[in-house]
Amino acid sequence: MPPESWEKELNSIAPELIAELKEKKEPDKGLPPLELKGPLVMRFAPNPNGPPTIGSARGIVVNSEYTKKYHGKLIIRFDDTDPATKRPMLEAYDWYLDDCEWLGAKPNEVIIASDRIAKYYEVAEELIKKGGAYVCFCEQEEFKALKDAKKACPHREEAAEKNLESWKKMLSGGYKEQEAVLRIKTDITHKDPAIRDWVAFRIIKTPHPRPQVGDKYCAWPLLDFEGAVEDHLLGTTLIIRGKDLTDSETRQRYVYKYMGWTYPETMHWGRVQIHYEDLLSEDSISKETEYYLVVDGQKYGVPKQYVRPDEITTSLYENDINNKGYAVAVGYTTKGNIGFKKASKPYPLVELTSKNGFIMISEKTLIKNLGKLSTSGLKKAIAEGVYTGWDDPRVPTIRALRRRGIRPEALRKFMIDLGLGETDISLSLDTLYAENRKLIDPVSNRYFFVWNPVPLEIEGAEPKVAKAPLHPAKKEMREIPVGTKVLVCRSDVDILKIGERLRLKDLYNIEITGLSPLKAKFIGTDMDLVKKEKARIIHWAPPDGLKVKVLSPDGEYNGVGEPGIEKELDKVVQFERFGFVRIDSVDSEGVVAYFTHK
RNA sequence: GCUCCGAUAGUGUAGCACGGCCAAUCAUGUCAGACUCUCACUCUGACGACUGGGGUUCAAAUCCCCAUCGGAGCACCA
């Protein structure tokens, strides 16, 4: 019996079985469902020491997605309790709120930790009274030595009254920085050294950047304490955070136990790195690539072998070598795309990541690994002028993506599709771009933009007004007046030969008659000729067009665009045969556009 | 060194709590073709993975053990 008959037969006997079979095949969309015992309260808790990054977007989106789905409450809480080393930026508070709203994740409540220090003091005092916390005067190294030896420090057994007294003195500024800390009493013999008697408060005399707070406090809570107290005060029921904070839970549970509170449910996700993959030019990849390890321009090693560090003496950093002594390497496949591969099994190796953020690939190509830049690293680079600001297209912030014309829905979907895995991932923004392209392609007008322009004189052509569709699926036309001279791209010119026939898109056909200077003659307007001869179709721009500059993650493109682009300010358009861009500014100097993606 | 976590195609995911519907899902990517006055979009097809080794079982991606690799924490950072 053929399968169709089977289905028919089965349908008549047991229709529910068919339904079940089909249902089974349907993939789960979106985030995994939650098993809730009560109302859902979640928080997203950044330190506003810089604008939200692509990594922050994950937290914003996932938290908001769940609270939307289960009619819960979303709180944004600024964990700004370090006025010194991770000093908050005043502008960043609003940047977070703004980017959240843009992402469709407007929080129900906004909490600023530095406004609520007094509440943390109350809890601290109670903990001291209960014997769950003590003021410690050990020097850092001294305490670490004791801790590693599972030994208590002399202050641990101090009476509660004495601790209370010291605590008051801490609050009133009676100690210098580094002189005293408040520790939570856990288990000094805990098998995990990360858990043993952790610090809840330290003394910082640097004033807080927020004028409302200023120098009001000199005892500041650390994240583990502030977070523990706030999560309880806010009634948080589910916490999703990075794997790096898993130990926090174990530490914080001691506070919850002393106070008789109930700890929220927790979920974790792995480390995220972003790599940009699209900087390989096609000619740098051949299908039958030979693989080398390249360090500082030198070839080492042979493919399909692990690369041993003793074969390489230059520029290998400690972090690039795993504990087996193999270099952590990155490869690309014969298909030409790049992937990070674990060095645990043989793989055609080509390159080495180096600590300075670059990956070497063969001799020609360089890939920037933007995901590796930390907020503080970015801050420094911006101050030094390496980047123009927090929305420089090369910088991995939400602001930069916005400026480039990425739609919030695309970013949301991208983050939701990542899911909640505890696996460490290294991802490519390609998927985000593909998602975004689907959204903007149907609504983006088309224009010509010629980068690295080369003038082309056409004999026998009459000045005319070219008509081209604003969008291939719509009927509105754009009009481009053109004389006997046009501009074309250097990259198109480079491969031209005398006698070659080509089509200037939406204009007419030409035959090349000279290369330097570039000359051609008019040979008609007939499209059939183009189709018959399979002539190349290239785009062009009038010499008196608009000056256009495109800023993209991999550099600047300067050229000339057709008139009309200036009407698209703040919109995303497609520069044909170039890619999508967002028109960022228009003035007498010309047009500045931000590259969205191909 | 101590502790914890993880491992499915190039990339990211689904499946794992309850072993058979899994010769393994979806997206992206790559290749080929169709469409097209763009290298965009759309459509069709192809490619491509359970880290390794043992064990339990009639049956293992799924449970157990070991190995390997990767990541994180052990801060008066968040």
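Fair warning: this is a prediction, and the values are worked out from it, not measured in the lab. All chains are named by letter (A, B, ...) in the order of the sequence lines, taking the proteins before the strands, and each is independently numbered beginning at 1.
Stem regions for RNA chain B, each three or more consecutive Watson-Crick or G-U pairs with both distances under 3.5 Å and listed by first number, read B:1-7 with B:68-74, B:10-12 with B:26-28, B:29-34 with B:42-47, B:51-55 with B:63-67.
Summarising the geometry, the separation between CD on E177(A) and P on C76(B) is reported as 14 Å, rounded to the nearest angstrom. The interatomic distance linking L439(A) (CG) with U42(B) (C1') rounds to 15 Å, in whole Å. Between the C1' atom of G12(B) and the CG atom of L31(A) lies a distance of 14 Å, rounded to the nearest Å. Whole-Å rounding puts the Q178(A) CD to C76(B) P distance at 9 Å. Distance, H268(A) NE2 to C4(B) P: 15 Å, rounded to whole Å. Atom pair R412(A):CZ and A27(B):P shows a separation of 21 Å (rounding to whole Å applied). If you take CH2 of W269(A) and P of C4(B), they are 25 Å apart, rounded to a whole angstrom. Rounded to a whole Å, the CD1 atom of I195(A) is 11 Å from the P atom of A75(B).
The residue T423(A) sits close only to the backbone: its heavy atoms come under 4.0 Å of sugar-phosphate atoms, none of a base. Among the heavy atoms of the strands, none lies under 4.0 Å from C489(A). Residue contacts for L222(A): at a heavy-atom cut-off of 4.0 Å it reaches the sugar-phosphate backbone alone, with no base atom in range. Among the atoms of the strands shown, only primed sugar atoms or phosphate atoms (P, OP1, OP2) are found under 4.0 Å from some heavy atom of T81(A). Contacts of D506(A) with the nucleic acid, taken as non-hydrogen atoms under 4.0 Å apart, include base atoms. Across all strands, F578(A) comes closer than 4.0 Å to no nucleic acid atom at all (heavy-atom distances). As judged by a 4.0 angstrom heavy-atom cut-off over every strand, V181(A) is placed among the base-contacting residues. Residue contacts for L418(A): at a heavy-atom cut-off of 4.0 Å it reaches the sugar-phosphate backbone alone, with no base atom in range. At a threshold of 4.0 angstrom between heavy atoms, the contacts of D79(A) are confined to the sugar-phosphate backbone, with no base atom among them. Heavy atoms of R446(A) sit under 4.0 angstrom from at least one base atom.
Using C1' as the reference atom, U13(B) and U28(B) are 10 Å apart when rounded to the nearest Å. U30(B) and C39(B) have their P atoms separated by 15 Å, given to the nearest Å. For the P atoms, the distance from G20(B) to C63(B) is 11 Å, rounded to whole Å.
In this structure, F575(A) CZ and Y557(A) OH are separated by 13.0 Å, a value rounded to the nearest 0.5 Å.
For R202(A), a side-chain nitrogen or oxygen approaches OP1 or OP2 of A78(B) to under 4.0 Å. The phosphate of A40(B) (OP1 or OP2) has no side-chain N or O of R437(A) nearer than 4.0 angstrom. For C37(B), the OP1/OP2 oxygens have a side-chain nitrogen or oxygen of K531(A) closer than 4.0 Å. For C74(B), the OP1/OP2 oxygens have no side-chain nitrogen or oxygen of R196(A) closer than 4.0 Å. Dashed line: the shortest gap from a side-chain N or O of K413(A) to OP1 or OP2 of A27(B) is not under 4.0 Å. OP1 or OP2 of U42(B) has not a single side-chain nitrogen or oxygen of K438(A) nearer than 4.0 Å.
The nucleotide whose nearest atom lies closest to any side-chain atom of P472(A) is, among A40(B), C37(B), A78(B), A40(B). Taking every side-chain heavy atom of Q574(A) into account, U38(B) is the closest of A78(B), C37(B), U38(B). Checked against A40(B), A78(B), G12(B), the side chain of F580(A) finds its nearest nucleotide in A40(B). Comparing G71(B), C76(B), C37(B) by their closest approach to the side chain of D424(A) singles out G71(B).
Considering only residues two or more places apart in sequence or on other chains, N163(A) meets the side chain to side chain donor-acceptor pair (under 3.5 Å) condition with none of them. For R490(A), the side chain to side chain donor-acceptor pair (under 3.5 Å) test picks out D494(A), with sequence neighbours left out. Partners of Y217(A) by ring-ring contact (aromatic ring centres under 6.0 Å, His included), not counting sequence neighbours, listed by chain and number: Y121(A), W220(A). The ring-ring contact (aromatic ring centres under 6.0 Å, His included) test applied to Y175(A) returns F137(A), not counting sequence neighbours. Here H268(A) pairs with nothing under the ring-ring contact (aromatic ring centres under 6.0 Å, His included) rule; sequence neighbours left out. Scanning for side-chain contact (heavy atoms from CB on, under 4.5 Å) contacts around M267(A) gives L34(A), L238(A), I240(A), L420(A), with sequence neighbours left out. The side chain to side chain donor-acceptor pair (under 3.5 Å) search around D192(A) returns none, not counting sequence neighbours.
Near RNA chain B, meaning a heavy atom under 4.0 Å from it, residues 184-194 of chain A has K191(A), D192(A), P193(A), A194(A) in order of number. At a non-hydrogen distance threshold of 4.0 Å, N47(A) from residues 46-53 of chain A come into contact with RNA chain B.
With hydrogens and angles left out, the side chain of E435(A) and the base of U28(B) share no donor-acceptor pair within 3.5 Å. Residue-to-nucleotide contacts include no donor-acceptor pair under 3.5 Å from the side chain of K505(A) to the base of C37(B).
Listed here is the closest heavy atom pair of R437(A) and K598(A): NE-O, 2.7 Å. Between T81(A) and P221(A), the shortest heavy-atom distance links the atoms OG1-O, 3.3 Å.
The aromatic rings of W198(A) and F225(A) sit tilted relative to each other, their planes meeting at an angle between 30° and 60°.
Note on residues 522-535 of chain A: pairs passing side-chain hydrogen bond (donor to acceptor under 3.5 Å, both in side chains), not counting sequence neighbours, are R501(A)-E533(A).
Residues R210(A) and I112(A) have side chains in contact (heavy-atom distance under 4.5 Å, counting atoms from C-beta outward).
In terms of position along RNA chain B, the nucleotide closest to E35(A) lies nearer the 5' end than the nucleotide closest to the other residue of the pair A45(A) and E35(A).
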Result block: side-chain N/O donor-acceptor pairs under 3.5 angstrom for residues 442-450 of chain A, not counting sequence neighbours:
from, atom 1, to, atom 2, distance (Å)
S444(A), OG, I440(A), O, 2.6
S444(A), OG, V572(A), O, 3.4
N445(A), ND2, E568(A), OE2, 2.7
R446(A), NE, Q574(A), OE1, 2.9
R446(A), NH1, D441(A), O, 3.1
R446(A), NH1, S444(A), O, 2.8
R446(A), NH1, H471(A), NE2, 3.3
R446(A), NH2, D441(A), OD1, 2.8
Y447(A), OH, E568(A), OE2, 2.7

- Message: Working note: E422(A) + W269(A), criterion side chain to side chain contact (heavy atoms under 4.5 Å, CB included); need CA distance, chi angles, decisive distance, verdict.
- Response: CA-CA 4 Å; E422(A) 286 195 37; W269(A) 54 45; 5.8 Å; no
